[in-house]
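Heavy atoms only: backbone and side chains are in, while hydrogens, waters and symmetry mates are out. Predicted model only: the values in this text are computed from it and were never measured.
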Amino acid sequence: MKLTKCEQGHFYDGDKYPACPYCNTDLQSESAIVHTSAAAEAAEAAPPEGPVTGWLVVTAGPGRGRDLRLGVGRTFLGLDGAVAPVTLSPDAPLGVRQAAVAYDEKTGAFTLLPGSSQQLCYLGGRAVLEPGPLAAGAELTLGESTLRFVPFCGGGFQW
């Protein structure tokens, strides 16, 4: 491996790449180092594993009437190609994860976490920038869609 530093200060393998793959994104469109918009669109919707703990129901915008199933642990949220909210697989690219809902089965609590996407998720009209509790009936905004949180677990029932 030939460690090379480009003019912008990025380090890369000079034996593998003729130029900096960070500066020249065409060199690594399929790589985990550089994600292009095509890589983000490839994220597949996937229901969480395990028993259902609650739902997010799309009440307005793209995907209206659709429900998103939440599971134990973290459920990642993003947008599909039609910009409708979807649950994502745990191995979805970081750039498409707009938020996550975590259900802690030990405490029976739901928490809304910010994602790693450039696009923000909003809770009650405020940007989600740090983890916070998610209460029944809370309204989230992902893209142009509004979602309402409906818990199944907690408050007297747990798996």
Side-chain angles (χ1 to χ4, degrees), residues 8-10 21-23 25-26 28-159:
Q8 300 297 318
H10 303 128
Y22 295 99
C23 297
T25 58
D26 291 339
Q28 287 219 349
S29 62
E30 302 276 328
S31 168
I33 293 177
V34 178
H35 293 290
T36 64
S37 60
E41 290 174 12
E44 302 242 349
E49 294 183 19
V52 65
T53 60
W55 299 269
L56 288 171
V57 180
V58 182
T59 58
R64 184 173 180 254
R66 179 187 294 179
D67 68 307
L68 284 66
R69 182 177 167 227
L70 304 173
V72 174
R74 292 184 189 187
T75 302
F76 297 101
L77 307 172
L79 301 174
D80 65 11
V83 296
V86 293
T87 56
L88 303 169
S89 69
D91 60 350
L94 295 176
V96 300
R97 297 179 183 182
Q98 285 187 268
V101 175
Y103 173 71
D104 181 346
E105 60 186 329
K106 290 186 180 187
T107 65
F110 287 88
T111 303
L112 180 63
L113 305 130
S116 50
S117 167
Q118 291 287 1
Q119 299 171 333
L120 297 176
C121 171
Y122 294 85
L123 174 61
R126 298 182 65 130
V128 177
L129 301 175
E130 57 188 38
L134 187 59
E139 289 198 344
L140 287 73
T141 304
L142 283 179
E144 297 297 317
S145 297
T146 302
L147 301 95
R148 181 176 291 261
F149 173 59
V150 181
F152 180 62
C153 291
F157 178 81
Q158 287 188 221
W159 291 109

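Gln98 CD to Leu79 CG: the interatomic distance, rounded to the nearest 0.5 Å, is 4.0 Å. Note that CG of Leu56 is 7.0 Å distant from CG of Leu134, once rounded to the nearest 0.5 Å. Here the straight-line distance linking atom CZ of Phe152 with atom OH of Tyr103 works out to 10.0 Å at 0.5 Å rounding.
Between Gly63 and Val58, the closest heavy-atom pair is O-CB, 3.3 Å. The shortest non-hydrogen separation linking Thr87 to Pro47 is OG1-CA, 3.7 Å. Counting all heavy atoms, side chain and backbone alike, Pro62 lies closest to Ala82 at CB-O, 3.9 Å. Heavy atoms only, all atoms of each residue included: Pro131 and Thr111 are closest at CB-CG2, 4.0 Å. Between Ala102 and Leu113, the shortest heavy-atom contact is CB-CD1, 3.6 Å.
Considering only residues two or more places apart in sequence or on other chains, Phe149 meets the ring pair (Phe, Tyr, Trp, His ring centres under 6.0 Å) condition with Phe110. Partners of Arg66 according to the salt bridge (charged side-chain N to carboxylate O under 4.0 Å, His left out) rule, which considers only residues two or more places apart in sequence or in another chain, are Asp80. Qualifying side-chain contact (heavy atoms from CB on, under 4.5 Å) partners for Val150, counting only residues two or more places apart in sequence or in other chains: Trp55, Val57.
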List the atom pairs, donor and acceptor, that lie under 3.5 Å between side-chain atoms in residues 69-77 and the rest of the protein, sequence neighbours left out.
| unit_1 | atom_1 | unit_2 | atom_2 | d |
| --- | --- | --- | --- | --- |
| Arg69 | NH1 | Pro48 | O | 3.4 |
| Arg69 | NH2 | Gly50 | O | 2.3 |
| Thr75 | OG1 | Gly71 | N | 3.1 |

Identify every side-chain donor-acceptor pair in residues 117-128 under 3.5 Å, counting partners at least two apart or on other chains, and give the distances.
| unit_1 | atom_1 | unit_2 | atom_2 | d |
| --- | --- | --- | --- | --- |
| Ser117 | OG | Gly95 | O | 3.3 |
| Ser117 | OG | Gln119 | N | 3.0 |

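Among pairs with a residue in residues 103-118, none fulfils salt bridge (Lys or Arg N to Asp or Glu O under 4.0 Å), at least two apart in sequence or across chains. Residue pairs meeting the side chain to side chain donor-acceptor pair (under 3.5 Å) criterion with at least one partner in residues 140-154, sequence neighbours excluded, are Glu139-Arg148.
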